[in-house]
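Along the sequence shown, the residues carry numbers beginning at 1. All figures in this text were calculated on a predicted structure; none of them were measured in a lab.
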Amino acid sequence: MNKEKPIRVLVIDDDKFMLEFVSHLLRELGVSEVLVAEDGKAGLFVLSAQVAAIDLLICDIEMPGMDGVEFLRNIADQYYSGRIVLFSGVDPDLLKATERLATARGLNVIGTLVKPVTIDSLATILKHLADPVPRLVDAERMRQIFAVEEIKQALIADQIDLFYQPKVAVSSGRVTSVECLARWRHAQYGYVSPDNFIPVIEQSGLINDFTRTVLRKSAQQLDLWLQQGFDLKVSVNVSMENLDRFNLPEIYEAAVRECNVPIDRVTLEITESKLGKDFAQTLDILTRIRLKGFGLAIDDFGTGYSSMETLKHMPFTELKVDRIFAHGAAEDPAARAILESSIKLGKVFGLNVVVEGVEMEADYALAVDLGCDEIQGFLIAKPMPASEFIGWLSDYEKTNNRRLQ
Ligand code: C2E
Ligand code: MG
Ligand code: MG
């Protein structure tokens, strides 16, 4: 824990004994200021009345009146950006579901505690307070902050950079491909994540220019790597908002051909939940994208609704299982079951199956056991600028070669 900076913790629980007990343990562990609230409403009041920020919120999810889920919805709406720990005596699955819900709302949940709370479990949580807070500002707030005009200027001023995240082939342990991920190099906020500006681009008619820019940059980078002798492929995310234009395959093809890279080294990733509503039109465009030679991946698989039907009919070459199913799957039977059936399904359709979002060794081993083809995730590497990639790759290959010897 950071000893210099005082830490403010707010504990919310309807059980008075629990409030006192947890407050006592927190003070024992060196927390300088502990605030308490007996239900969600009181918690909201404390949060809104505070002049200085609360660093950590420890919140019971089972409370009369406003329960934890409702409380979390409210603080997400108010852009609470501190860290959160959820605790409860209820079924661990319910605790996990609440955690997922909070994370999906953009809240920063750093852990869960099952009652009875112990001093050791609290100490572990407090250690995480020293980790840097992610720089990224809440998505909704960003959307309000960033006007279309500002993003237009960013495109003109070439402030969109690409970061690259490797995918490793399970069979060889080698890096075969990289996913190109957009970042906005913002003068005030530093690197802004795509979730915070792509929706604005999609809604404002700028998406075609944006996609062309990203494709061209990815192809230029691939060209450089190929010239340097690196046997790599790239994956580029393509927004579905523009799947209403029949000439998209030509637009994409032109962007890649300009750089002279073989089209079959470029895979376009399409997010499952955003697959076009007009089936015939989507099928027409995707089929022609494949005819041009691009690979075609269904991204974030498992998060949409049309999975089976879509997989059966659309000409995909790759399936990327969404990271929510990989993360912690080795310890979570429900996530494991979804991961396993998604991999099986992908294999039945003859697709290259990628598991993304792998952060832990146990999840990596599980994904390998379940028969996936490629793995992507922070355990291997976080997305990085091109300038760092080759250095990272040679270190990775050295370690990998030692492992294989
Ligand atoms: P995606 O295509 O599913 O990309 C993977 C996202 O998961 C990336 O987030 C990556 O940083 C993150 N990720 C990878 N491994 C891990 C892990 O082990 N743990 C965790 N927690 N996260 C991991 P990023 O870069 O913020 O991108 C978010 C989404 O934005 C992408 O999801 C993609 O849908 C979209 N996106 C990114 N670049 C572009 C683009 O150029 N065009 C379009 N249309 N969408 C883009
Ligand atoms: Mg992707
Ligand atoms: Mg994905």
Side-chain angles (χ1 to χ4, degrees), residues 1-3 5-131 133-134 138 324 327-328 331-332 334-335:
M1 208 196 327
N2 186 344
K3 291 242 161 23
K5 183 180 168 284
I7 290 181
R8 297 175 134 213
V9 181
L10 169 61
V11 189
I12 308 176
D13 196 317
D14 58 307
D15 179 342
K16 280 201 185 109
F17 168 75
M18 197 46 102
L19 279 181
E20 260 175 44
F21 178 62
V22 174
S23 306
H24 169 74
L25 294 182
L26 287 168
R27 283 197 201 93
E28 288 271 293
L29 289 166
V31 173
S32 45
E33 197 168 345
V34 184
L35 302 147
V36 295
E38 283 179 26
D39 61 22
K41 272 205 181 114
L44 283 181
F45 180 75
V46 175
L47 275 183
S48 62
Q50 290 304 307
V51 183
I54 299 283
D55 302 291
L56 175 67
L57 194 65
I58 302 182
C59 178
D60 184 18
I61 62 170
E62 238 191 337
M63 295 180 287
M66 184 185 283
D67 61 34
V69 173
E70 218 180 334
F71 172 73
L72 291 167
R73 187 190 330 120
N74 272 285
I75 61 170
D77 288 346
Q78 291 170 21
Y79 307 119
Y80 171 73
S81 59
R83 295 147 210 248
I84 300 169
V85 168
L86 302 174
F87 77 135
S88 170
V90 296
D91 177 354
D93 283 347
L94 208 51
L95 195 55
K96 210 168 273 170
T98 312
E99 183 186 4
R100 285 213 183 99
L101 193 60
T103 308
R105 293 219 159 96
L107 292 168
N108 190 2
V109 181
I110 59 167
T112 54
L113 285 171
V114 180
K115 290 178 183 177
V117 176
T118 64
I119 191 151
D120 288 346
S121 55
L122 271 179
T124 309
I125 295 279
L126 290 178
K127 270 197 210 123
H128 289 300
L129 288 185
D131 298 343
V133 178
D138 171 83
I324 59 169
H327 185 75
E331 307 260 305
D332 178 346

message: Between Asp13 and Lys115, does any NZ, NE, NH1 or NH2 come within less than 4.0 Å of an OD or OE carboxylate oxygen?
response: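 Salt bridge between Lys115 and Asp13, a charged N being under 4.0 Å from a carboxylate O: yes.
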query: Does a salt bridge link Arg100 with Asp332, judged by any charged N lying under 4.0 Å from a carboxylate O?
result: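 Salt bridge between Arg100 and Asp332, a charged N being under 4.0 Å from a carboxylate O: yes.
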field: Glu70 CD: over 12 foreign heavy atoms closer than 6.0 Å
entry: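 Atom CD in Glu70 is packed in, count exceeds 12.
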- request: Verify side-chain contact (heavy atoms from CB on, under 4.5 Å) between Phe87 and Val114, making sure each step is shown before the conclusion.
  value: CA-CA 6 Å; Phe87 77 135; Val114 180; over 6 Å; no
- prompt: If only atom types and distance count, is the side chain of Ser88 paired as donor or acceptor with the main-chain N or O of Asp60 below 3.5 Å?
  reply: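 Judged by distance alone, no pair lies under 3.5 Å.
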- prompt: Within the side chain of Asp55, is there an N or O that forms a donor-acceptor pair under 3.5 Å with the backbone of Arg8?
  reply: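 Looks like yes, one N/O pair under 3.5 Å.
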field: Gap between atom CG of Leu107 and atom CG of Leu101 - 0.5 Å precision
entry: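 Going from CG on Leu101 over to CG on Leu107, the span is 9.0 Å.
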- request: Would you give the length of the straight line joining atom CG of Leu29 to atom NZ of Lys127, rounded to the nearest 0.5 angstrom?
  value: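 Separation between the atoms: 10.0 Å.
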- prompt: Using a distance-only test with no angle check, is there a side-chain donor-acceptor pair under 3.5 angstrom linking Thr124 and Ser121?
  reply: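 Absent: no donor and acceptor within the cut-off.
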For the residue pair [X] and [Y], establish whether any side-chain heavy-atom pair is separated by less than 4.5 Å.
{"X": "Val9", "Y": "Ile54", "answer": "no"}
{"X": "Ile58", "Y": "Ile84", "answer": "no"}
{"X": "Arg27", "Y": "Val34", "answer": "yes"}
{"X": "Asp14", "Y": "Glu38", "answer": "no"}

Can you see which heavy atom on [X] is nearest to which on [Y], and at what distance?
{"X": "Ala37", "Y": "Val46", "answer": "CB-CG2, 4.3 Å"}
{"X": "Asp39", "Y": "Pro64", "answer": "CB-O, 4.2 Å"}
{"X": "Leu94", "Y": "Thr98", "answer": "O-OG1, 2.7 Å"}
{"X": "Phe71", "Y": "Ile12", "answer": "CZ-CD1, 3.2 Å"}
{"X": "Glu28", "Y": "Ile119", "answer": "CB-CD1, 4.0 Å"}

message: Applying salt bridge (Lys or Arg N to Asp or Glu O under 4.0 Å) to Asp91 and Lys96, what does each step give before you reach the verdict?
response: CA-CA 9 Å; Asp91 177 354; Lys96 210 168 273 170; over 6 Å; no
- prompt: Among Val11, Val109, Leu126, Ile125, whose side chain to side chain contact (heavy atoms under 4.5 Å, CB included) with Val85 holds?
  reply: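 With Val85 as partner, side chain to side chain contact (heavy atoms under 4.5 Å, CB included) holds for just one option, Ile125.
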message: Checking side chain to side chain contact (heavy atoms under 4.5 Å, CB included) between Leu72 and each of Asn74, Ile75, Val69, which is the one that passes?
response: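 Only one option passes, and that is Ile75.
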message: Pair Leu10, Leu56 - check side-chain contact (heavy atoms from CB on, under 4.5 Å), show working.
response: CA-CA 6 Å; Leu10 169 61; Leu56 175 67; over 6 Å; no
